[in-house]
**Student:** 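My questions all concern the structure below.
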There are 2 protein chains.
Amino acid sequence: MADLTDHQAAAWTSYQRMRVRLSGVLGRELARTTGLSEADFDVLVAVHERPDDSVRALALRCGLEWEKSRLSHQLRRMEQRGLITRETCEEDSRGSVVRLTPRGRELACEARKHYDEAVQRYVMDSLTPEQLSALAEIADTLLDRIEITHK
Amino acid sequence: MADLTDHQAAAWTSYQRMRVRLSGVLGRELARTTGLSEADFDVLVAVHERPDDSVRALALRCGLEWEKSRLSHQLRRMEQRGLITRETCEEDSRGSVVRLTPRGRELACEARKHYDEAVQRYVMDSLTPEQLSALAEIADTLLDRIEITHK
DNA sequence: CCAGGCTAGTTGATACGTCAACCTTGTCGT
DNA sequence: ACGACAAGGTTGACGTATCAACTAGCCTGG
């Protein structure tokens with residue numbers, strides 16, 4: 001197996017730096033404007049997308065592609081801060097149903113607004129339509145690749 | 001400020017999924033083959049690139065673009081595991097100098113090999129040269145953008 | 001129907017990251 | 001020369017991520 005070429009290594013470095021910086025600024029933007037972490041945000045948005053602002057924990061877990069213990073810890077903290085509630089599930093009493101509190105709903109909307117605006121500002125405003133399409137295509141290609149070699 | 005278009009939102013989602021999956025597989029690859037975390041790896045490689053396998057903590061911090069407390073915590077853990085040592089700096093007794101232990105050096109080389117091979121396998125093998133160049137250009141564009149709006 | 005295994009979720013331990021407070025040492029203006 | 005301030009690092013507290021072990025409810029073959 002040959003080493004990476006200089007060109008490849010440079011591209012990889014740029015990607016890594018971009019990745020770190022980007023989640024840095026987006027995360028700080030969220031924290032500053034709403035006091036939420038990205039994990040909080042992901043959960044709130046995912047739940048808010050469901051009818052009734054409530055969803056089975058299992059479905060949430062699959063949608064987010066999170067470890068079950070990660071979700072469990074995160075939900076515990078969010079419940080303590082009054083963003084969500086947890087009830088035991090009707091159909092399967094092993095399961096639990098997550099529901100947004102009014103405060104959770106409010107923050108979800110607020111955060112979504114700020115977040116999208118930041119993505120617009122930091123990403124969409126800088127890339128040409130061709131670049132954006134190229135990025136999507138690259139991402140989907142790599143996702144397929146990972147999927148395949150890991151199944 | 002207009003909402004993101006469907007196309008933009010889809011591209012962003014793909015990027016996010018790719019980002020998460022990719023660091024997931026690369027991280028697990030490192031852990032499996034060498035027992036190192038990505039943080040360990042970044043430090044070991046950065047130090048190993050220096051003459052004498054040693055470097056001023058400050059320089060390391062700048063190179064990695066890490067918070068100072070992050071580096072401090074990380075170095076403490078790595079010192080405990082026998083990967084590095086810390087001595088007080090000659091020229092400036094506030095500072096400290098990080099040095100690889102033999103074991104640290106060995107792991108740095110081993111890990112570098114596995115990591116590059118994984119990048120090759122998961123990324124380079126799937127992308128056309130055009131896609132790779134496009135990715136690098138996108139990353140550099142966004143890095144500039146973040147740099148500018150944040151200075 | 002019931003024993004084994006499977007599944008949903010929780011818990012505890014440990015590692016990682018960030019923030020703010022702190023300590024020590026250098027530096028610079030006066 | 002000295003006092004204030006800045007810089008390099010450490011520490012503690014807290015939130016976050018992962019792994020492994022566990023609990024409890026469901027389901028299926030015999």
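The chains referred to below are lettered A, B, ... by the order of the sequence lines, with proteins before strands, and numbering in each begins at 1.
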**Student:** Are B/Arg77 and B/Gln80 linked by a side-chain donor-acceptor pair shorter than 3.5 Å?
**Tutor:** no

**Student:** Which nucleotide, D/dG8, C/dC16, C/dA8, lies nearest any side-chain atom of B/Asp40?
**Tutor:** C/dC16

**Student:** Select one nucleotide: of C/dG17, C/dT25, D/dT10, the one nearest the side-chain heavy atoms of B/Arg86.
**Tutor:** D/dT10

**Student:** Please report the distance, rounded to the nearest Å, between CZ in A/Arg70 and C1' in C/dT10.
**Tutor:** 17 Å

**Student:** Students often get this wrong, so: under 4.0 angstrom with heavy atoms, is B/Ser72 touching a base, only sugar-phosphate, or nothing?
**Tutor:** base

**Student:** Out of C/dT18, D/dA24, C/dG9, which nucleotide sits closest to the side chain of B/Glu67?
**Tutor:** C/dT18

**Student:** On a plain distance test, is the side chain of A/Arg94 in donor-acceptor contact with the base of C/dT7 below 3.5 Å?
**Tutor:** yes

**Student:** Select one nucleotide: of C/dG17, D/dT10, C/dT24, the one nearest the side-chain heavy atoms of B/Lys68.
**Tutor:** D/dT10

**Student:** Can a side-chain donor-acceptor contact be found between A/Asp3 and B/Gln120 if the only test is distance below 3.5 angstrom?
**Tutor:** no

**Student:** If you pin B/Ser93 and A/Val97 to their nearest nucleotides in DNA chain C, which one's is more 5'?
**Tutor:** A/Val97

**Student:** Whole angstrom is fine here: how far is it from CZ in B/Arg76 over to P in D/dT11?
**Tutor:** 7 Å

**Student:** Expressed as a whole number of angstroms, how long is the span from A/Glu91:CD to D/dC26:P?
**Tutor:** 11 Å

**Student:** Could you give the CG-to-P distance, from A/Leu71 to D/dC19, as a whole number of Å?
**Tutor:** 16 Å

**Student:** In terms of side-chain heavy atoms of A/His73, which of D/dG8, C/dT11, D/dG12 is nearest?
**Tutor:** C/dT11

**Student:** Starting at CG of A/Leu64 and ending at P of C/dG9, how long is that distance when rounded to a whole Å?
**Tutor:** 13 Å

**Student:** Starting from P on D/dG15, measure out to CD on A/Glu38 and report it in whole angstrom.
**Tutor:** 17 Å

**Student:** In whole angstrom, what separates B/Leu83's CG from C/dA15's P?
**Tutor:** 12 Å

**Student:** Is there side-chain contact between B/Thr33 and B/Glu110, with at least one heavy-atom pair below 4.5 Å?
**Tutor:** no

**Student:** Is B/Arg28 close enough to D/dT18 that one of its side-chain N or O atoms is under 4.0 Å from OP1 or OP2 there?
**Tutor:** no

**Student:** Between B/Ser69 and B/Gly95, which is nearer to the 5' end of DNA chain D once each is assigned its nearest nucleotide?
**Tutor:** B/Gly95

**Student:** When you check the gap from the basic side-chain N to the acidic O, do A/Glu79 and A/Arg76 get nearer than 4.0 Å?
**Tutor:** no

**Student:** Do the side-chain N and O atoms of A/Thr141 and A/Asp144 include a donor-acceptor pair separated by under 3.5 angstrom?
**Tutor:** no

**Student:** Rounded to the nearest 0.5 Å, how far does CG of B/Leu107 lie from OG1 of B/Thr101?
**Tutor:** 8.0 Å

**Student:** Picking from C/dG9, C/dT7, C/dG17, which would you name as closest to the side chain of A/Ala57?
**Tutor:** C/dG9

**Student:** Just to be sure I understand the rule, does B/Arg81 reach a base, reach only the sugar-phosphate, or reach nothing, if contact means heavy atoms closer than 4.0 Å?
**Tutor:** nothing

**Student:** Identify which nucleotide among C/dT11, D/dG9, D/dA17 has an atom closest to any side-chain atom of A/Ala39, counting heavy atoms from C-beta outward.
**Tutor:** D/dA17

**Student:** Could you check how far CG of A/Leu58 sits from C1' of C/dT7, rounded to whole Å?
**Tutor:** 9 Å

**Student:** Nearest to the A/Arg77 side chain among C/dC16, D/dG9, D/dG15, which nucleotide is it?
**Tutor:** D/dG15

